[in-house]
Amino acid sequence: DAGITQSPRHKVTETGTPVTLRCHQTENHRYMYWYRQDPGHGLRLIHYSYGVKDTDKGEVSDGYSVSRSKTEDFLLTLESATSSQTSVYFCAIMASGSTDTQYFGPGTRLTVL
Amino acid sequence: GENVEQHPSTLSVQEGDSAVIKCTYSDSASNYFPWYKQELGKGPQLIIDIRSNVGEKKDQRIAVTLNKTAKHFSLHITETQPEDSAVYFCAASKSSAGNKLTFGGGTRVLVKP
């Protein structure tokens, strides 16, 4: 699992509440990614980071923000959760020394009621 | 942006038979094509990948082929076993600008004993 942990693993929240998901890695990888997985859509990129305080948007970034204040942590925040953000969220890293290989964490299942 | 189509969405095979999953991509600049296997409740696991300077790659019972002219690539699993039952995803990316993966919709493979 490339030393990736995600927390929490499961969360149920209500519409309109803020939610923060955490991705933690132990191997000093520079690149980190957040994807969401929904039936029939595969995985879609939300945001990614190419270094501390360096982030960029992905395909489905609306309603999400990210922060990376330390190499090992990449946070995904839903400022005001909506039911359409019910999904499984995966963090990934790009292996150091590689130009492309990504490894995924175990995922966080988020339900917004 | 890139668009990846994956077929079939479900595939049922008898143990010992071969399974083939096909993907097409739209961006001719894409140069990296990984395949992931996802078991229930887990994150996607990289099983094989191919780069655009290679036409075919094998790893034991798994092989991937790439046709850059037609912009399609395929996963071949030979001598299928029950433990091959899972959801498989293809993806495509360019090895630049953060290597953002675009995924296909997934194929659920069931290997019947």
Side-chain angles (χ1 to χ4, degrees), chain A residues 1-7 9-10 21 23-25 29-51 54-61 66 68 74 87-109, chain B residues 1-10 21 23-27 29-54 57 59 64 66 75 86-108:
Chain A
D1 62 0
I4 305 169
T5 57
Q6 293 185 232
S7 58
R9 294 293 314 279
H10 302 271
L21 308 183
C23 178
H24 179 78
Q25 54 122 340
H29 299 295
R30 178 183 172 196
Y31 282 83
M32 299 183 74
Y33 307 80
W34 277 107
Y35 293 85
R36 62 177 287 174
Q37 183 175 33
D38 304 290
H41 288 278
L43 289 89
R44 292 178 291 174
L45 181 66
I46 305 171
H47 282 279
Y48 70 103
S49 170
Y50 46 96
D54 292 322
T55 65
D56 204 351
K57 295 179 179 180
E59 179 188 357
V60 289
S61 60
V66 290
R68 193 165 177 203
F74 191 30
S87 188
V88 181
Y89 292 86
F90 288 99
C91 174
I93 58 91
M94 186 160 69
S96 298
S98 165
T99 56
D100 34 48
T101 308
Q102 291 186 28
Y103 297 97
F104 285 79
T108 293
R109 180 173 295 276
Chain B
E2 176 67 275
N3 182 50
V4 177
E5 305 258 349
Q6 182 172 346
H7 298 281
S9 57
T10 60
I21 304 170
C23 290
T24 61
Y25 61 99
S26 62
D27 189 345
S30 289
N31 59 0
Y32 175 64
F33 307 92
W35 285 88
Y36 288 87
K37 175 183 180 182
Q38 186 177 28
E39 297 176 336
L40 194 62
K42 297 185 177 180
Q45 179 184 16
L46 181 71
I47 56 172
I48 195 167
D49 57 12
I50 191 167
R51 290 168 176 80
S52 59
N53 59 347
V54 175
K57 183 177 179 180
D59 183 3
V64 57
L66 172 65
L75 178 72
V87 179
Y88 292 80
F89 293 96
C90 63
S93 72
K94 291 177 275 197
S95 294
S96 62
N99 188 48
K100 294 170 282 187
L101 289 173
T102 300
F103 283 83
T107 298
R108 183 174 300 277

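FYI, side chains are in, hydrogens and waters are out, and symmetry mates aren't considered; it's all heavy atoms of this structure. Residue numbers begin at 1 in each chain, while the letters A, B, ... track the order of the sequences.
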Closest-packed option against chain A by number of heavy-atom pairs under 4.5 Å, given B:Gly43, B:Ser9, B:Pro34: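 Ranked by contacts with chain A, first place is B:Gly43.
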As an exercise: rank B:Gly104, B:Pro44, B:Gly105, B:Gly106 by heavy-atom pairs under 4.5 Å with chain A and give me the winner.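 Among the listed options, the one with the most contacts to chain A is B:Pro44.
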Please classify the contact between A:Gln6 and chain B as side chain, backbone, both or neither, with a heavy-atom cut-off of under 4.5 Å.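 Contact with chain B involves no heavy atom of A:Gln6 at all.
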Please flag which part of A:Arg30 lies under 4.5 Å from any non-hydrogen atom of chain B: side chain, backbone, both or neither.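 Neither part.
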Is the ring pair B:Tyr36/A:Phe104 parallel, tilted or perpendicular, if the boundaries are 30 and 60 degrees?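 The rings of B:Tyr36 and A:Phe104 stand perpendicular, inter-plane angle above 60°.
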Could you check whether the rings of A:Tyr48 and A:Tyr50 sit parallel, tilted or perpendicular, using 30° and 60° as the cut-offs?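 Answer is tilted, since the angle falls between 30° and 60°.
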Region of B:Gln45 in contact with chain A, defined by heavy-atom distances below 4.5 Å: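 For B:Gln45, no heavy atom lies under 4.5 Å from chain A.
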Which residues share a side-chain hydrogen bond (donor to acceptor under 3.5 Å, both in side chains) with B:Gln6, sequence neighbours left out: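 With sequence neighbours excluded, B:Gln6 shows a side-chain hydrogen bond (donor to acceptor under 3.5 Å, both in side chains) to B:Thr107, given in chain and number order.
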List for me each residue that meets side-chain hydrogen bond (donor to acceptor under 3.5 Å, both in side chains) alongside A:Ser61, sequence neighbours excluded, and say none if there are none.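 Testing A:Ser61 for side-chain hydrogen bond (donor to acceptor under 3.5 Å, both in side chains), a comparison that skips the adjacent residues, returns none.
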Could you give me the CA-CA distance, side-chain angles and deciding distance for B:Asn99 and A:Tyr31, then say whether side-chain contact (heavy atoms from CB on, under 4.5 Å) is met? CA-CA 9 Å; B:Asn99 188 48; A:Tyr31 282 83; over 6 Å; no
